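Bear in mind that the values here come from a model prediction, so they are computed numbers and not experimental data.
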Amino acid sequence: MISRQLAMGLLGAALMALPSAPARAWGASGHEFISGIAAELLPDEIPDFLRTPEAIETIAVFGREPDRDKHTGDPHDSALNPAHYVKLSDDHAVAGLLSIDKLPLTLDGYDAALRAGGSSQYKAGYLPYAIVIGWQQLAKDFAYWRAASIGARTAVDPADRAWFDKDRKQREQLILHDLGYWSHFPGDASMPLHTSVHFYGWGRYPNPRGYTNDEAMDVFIKGTFVRRNIRRDAVKAEVAPYWDCKCSIWERSRKLILDSHKFVVPMYELDLRGAFKAADPEAVALVTSQLAAGAAAVRDMVVDAWQASSDMMVGDPAISMRDILSGKHILRRDDFHFD
């Protein structure tokens, strides 16, 4: 989803410096765990087509896709790689400049604020926006699916009903892609190092404990360690029940990032002790817990997107979903496809 919504919007933007290697938060295994488990735990209120074994398998595989997209070349890579992380300083400021509690509403405003301090969205990463933009698209997808489902039953013209039924089926394929692809980014946010300036090694910051500056630590944890030591059933068992935060997607995303950021220093401490290389139970427990947090976040955000879809606008000119759901507006094909 991020490729569809952001790639064109970022085309032509100034191409800035990237991390020393492409960012892969949990590796293929970890992201399949997060996205697949989240899909398995979707509640009954979510449409059936997303809860079949085939759909769950598809979502799990699509969840790793943004990492497989890397090494495509510029402008693709330089525009989209920074969607995978946000570099928070130890006091929760993006690149040490902009509080995560006060992010501008738009990427343009975010980038302008960072550039004023010598950084940019491409240097600091824009993970919060990747999560929010993808979630908004998912909510819109759900709204169109709801509307098409209603139009297939209630449109006056039989040809219109047939068109809406076909549109609904096509929308289901689009949602599988959009949900699966987007699910990668809340998963990224559950990886502590993807929320920190201490991304590939501790970096040029005060380091009295002598934490590593070797980026191989990050690569090992996200790939080999997860594949060898983390059990999918153990991750699933730790996923918390749905949490109705009664908050915006911005607030839910920020909490996910900040909760993950708390474990940056503990991860470096574990690395200092050799706990990841030794597959120490404490290291296994931390990674298992964070993968579970990622799965819970994806599941919770999908539920929120479904619920928010009933308040969306669809069509052009825009029609309130509330009017469609209540029967106040009877859909016609031209509501969706006006020439």
Quiz item: Taking all atoms of both residues into account, what is the closest heavy-atom pair of Val239 and Ala295, and its distance?
Solution: CG2-CB, 4.0 Å

Quiz item: Does Ser326 reach the main-chain N or O of Arg322 with its side chain, forming a donor-acceptor pair under 3.5 Å?
Solution: yes

Exercise. Would you sort out whether Glu45 and Gln307 count as a side-chain contact (heavy atoms from CB on, under 4.5 Å), showing the intermediate values?
Key: CA-CA 9 Å; Glu45 69 179 285; Gln307 294 174 352; 3.3 Å; yes

Exercise. Determine yes or no for a side-chain-to-main-chain donor-acceptor pair under 3.5 angstrom, with Thr224 supplying the side chain and Phe220 the backbone.
Key: no

Practice problem: Evaluate side-chain contact (heavy atoms from CB on, under 4.5 Å) for Glu269 paired with Arg209, printing each intermediate quantity in order. | Solution: CA-CA 9 Å; Glu269 285 287 341; Arg209 295 282 296 152; 2.9 Å; yes

Quiz item: Is a donor on one side and an acceptor on the other found under 3.5 Å between the side chain of Arg115 and the backbone of Gln121?
Solution: no

Practice problem: Evaluate side-chain contact (heavy atoms from CB on, under 4.5 Å) for Leu97 paired with Ser119, printing each intermediate quantity in order. | Solution: CA-CA 9 Å; Leu97 298 169; Ser119 187; 3.8 Å; yes

Self-check item: Approximate separation, where rounding is to 0.5 Å, of His92 NE2 and Ile100 CD1
Solution: 8.5 Å

Self-check item: Evaluation steps, salt bridge (Lys or Arg N to Asp or Glu O under 4.0 Å), between Glu65 and Arg68
Solution: CA-CA 5 Å; Glu65 193 64 20; Arg68 300 177 77 185; 3.7 Å; yes

Practice problem: Verify salt bridge (Lys or Arg N to Asp or Glu O under 4.0 Å) between Asp157 and Arg332, making sure each step is shown before the conclusion. | Solution: CA-CA 8 Å; Asp157 188 330; Arg332 300 173 301 134; over 6 Å; no

Practice problem: Kindly indicate whether the side chain of Ile59, heavy atoms from C-beta on, has any atom under 4.5 Å from the side chain of Leu50. | Solution: yes

Exercise. Return the minimal non-hydrogen interatomic distance between Ser35 and Gly180, and the atom names on each side.
Key: OG-O, 4.5 Å

Quiz prompt | Heavy-atom check, side chain of Phe276 versus side chain of Val287, under 4.5 Å | solution = yes

Practice problem: Kindly indicate, with the supporting measurements, whether the criterion salt bridge (Lys or Arg N to Asp or Glu O under 4.0 Å) is fulfilled by Glu32 and Arg232. | Solution: CA-CA 9 Å; Glu32 286 191 38; Arg232 190 183 189 280; over 6 Å; no

Quiz item: Is Leu127 linked to Trp135 within one hydrophobic cluster, defined over Ile, Leu, Val, Met, Phe, Trp and Tyr using a side-chain heavy-atom separation of less than 4.5 Å?
Solution: yes

Practice problem: Could you tell me how the ring of Tyr110 sits relative to the ring of Tyr129: parallel (under 30°), tilted (30 to 60°) or perpendicular (over 60°)? | Solution: tilted

Exercise. Classify the angle between the aromatic ring planes of Tyr181 and Phe185 as parallel (below 30°), tilted (30 to 60°) or perpendicular (above 60°).
Key: tilted

Self-check item: Arg161 (side chain) donor-acceptor with Val156 (main chain) under 3.5 angstrom
Solution: yes

Self-check item: Whether Asp316 side chain and Ala318 backbone form a donor-acceptor pair below 3.5 Å
Solution: no

Exercise. Scan side-chain atoms only and decide if Ser89 and Asp91 contain a donor-acceptor pair under the 3.5 Å cut-off.
Key: yes

Quiz prompt | Short side-chain to backbone donor-acceptor contact, Asp323 and Lys328, under 3.5 Å | solution = no

Practice problem: Apply the test salt bridge (Lys or Arg N to Asp or Glu O under 4.0 Å) to residues Arg168 and Asp165: give CA-CA distance (whole Å), side-chain angles for both, the deciding distance (0.1 Å), then the verdict. | Solution: CA-CA 5 Å; Arg168 174 189 60 79; Asp165 191 53; 2.8 Å; yes

Quiz item: For the side chain of Gln290 and the backbone of Ser190, is there at least one donor-acceptor N/O pair under 3.5 Å apart?
Solution: yes

Quiz item: When you check the gap from the basic side-chain N to the acidic O, do Asp67 and Arg64 get nearer than 4.0 Å?
Solution: no

Exercise. State, yes or no, whether a side-chain contact exists between Val132 and Gln136 at a heavy-atom distance under 4.5 Å.
Key: yes

Self-check item: Close side-chain approach of Phe33 and Trp26, heavy atoms under 4.5 Å
Solution: no

Quiz prompt | Side chain Thr288, main chain Ala285, donor-acceptor under 3.5 Å | solution = no

Practice problem: Verify whether one side chain among Asn207 and Tyr268 offers a donor that lies under 3.5 Å from an acceptor in the other. | Solution: no

Quiz item: Do you know which two heavy atoms are closest between Ser183 and Val298, and how far apart they sit?
Solution: O-CG2, 3.6 Å

Practice problem: Would you name the heavy atoms of Pro208 and Pro206 that are closest together and state the gap between them? | Solution: CD-C, 3.6 Å

Quiz item: Ignoring hydrogens and geometry, is there a side-chain-to-backbone donor-acceptor pair from Asn213 to Gly203 under 3.5 Å?
Solution: yes

Exercise. For the pair Tyr144 (side chain) and Gly315 (backbone), establish whether a donor and an acceptor sit closer than 3.5 Å, ignoring hydrogens and angles.
Key: yes

Quiz item: Does the side chain of Ile131 reach to within under 4.5 Å of the side chain of Met301, using non-hydrogen atoms?
Solution: yes

Self-check item: Approximate separation, where rounding is to 0.5 Å, of Trp145 CH2 and Ile150 CD1
Solution: 9.0 Å

Quiz item: So, is the end of the Arg146 side chain (NZ or CZ) under 6.0 Å from the ring centre of Trp306 and within 45° of the ring's axis?
Solution: yes

Quiz item: Are side-chain N/O atoms of Glu251 and Ser248 paired as donor and acceptor at under 3.5 Å?
Solution: yes

Practice problem: Check whether any side-chain heavy atom of Met321 sits under 4.5 Å from a side-chain heavy atom of Asp311, and report yes or no. | Solution: no

Quiz prompt | Glu57 atom CD: more than 12 heavy-atom contacts under 6.0 Å | solution = no

Quiz prompt | CG-CD1 distance between Leu193 and Ile221, expressed to the nearest 0.5 angstrom | solution = 6.0 Å

Quiz item: Hey, any chance Phe225 and Leu272 share a hydrophobic cluster, counting ILVMFWY side chains that come within less than 4.5 Å of each other, even indirectly?
Solution: yes

Exercise. Rounded to the nearest 0.5 Å, what's the gap from CG on Leu256 to OG1 on Thr195? Could you check?
Key: 9.0 Å

Quiz item: Do other residues, nucleotides or ligands put more than 12 heavy atoms under 6.0 Å from the NZ atom of Lys277?
Solution: no

Self-check item: Shared hydrophobic cluster for Phe62 and Leu174 (ILVMFWY, side-chain gaps under 4.5 Å)
Solution: no

Quiz item: Rounded to the nearest 0.5 Å, how far apart are CE of Met267 and NZ of Lys262?
Solution: 16.0 Å

Quiz item: Is Val302 close to Phe142 at the side-chain level, that is, under 4.5 Å between some pair of heavy atoms?
Solution: yes

Practice problem: Please name the residue in the list His194, His31, His184 that meets the ring-ring contact (aromatic ring centres under 6.0 Å, His included) test with His84. | Solution: His184

Quiz item: Considering residues, nucleotides and ligands other than Arg273, do more than 12 of their heavy atoms fall under 6.0 Å from its CZ?
Solution: yes

Practice problem: Verify side-chain contact (heavy atoms from CB on, under 4.5 Å) between Val264 and Ser196, making sure each step is shown before the conclusion. | Solution: CA-CA 7 Å; Val264 172; Ser196 174; 3.7 Å; yes

Quiz item: Relative to the ring of Phe199, is the ring of Tyr85 parallel (under 30°), tilted (30 to 60°) or perpendicular (over 60°)?
Solution: tilted

Quiz prompt | side-chain hydrogen bond (donor to acceptor under 3.5 Å, both in side chains) assessment of His261 paired with Asp90 | solution = CA-CA 9 Å; His261 190 264; Asp90 296 340; 4.9 Å; no

Self-check item: Cluster check Ile56, Ile175: I/L/V/M/F/W/Y, side chain < 4.5 angstrom
Solution: no

Practice problem: For the residue pair His76 and Asp69, establish whether any side-chain heavy-atom pair is separated by less than 4.5 Å. | Solution: yes

Self-check item: Inter-residue atom distance Leu331.CG - Ile319.CD1, 0.5 Å rounding
Solution: 5.5 Å

Exercise. Following the transitive rule for hydrophobic clusters with a side-chain heavy-atom cut-off under 4.5 Å over Ile, Leu, Val, Met, Phe, Trp and Tyr, establish whether Val303 and Trp243 coincide in one cluster.
Key: no

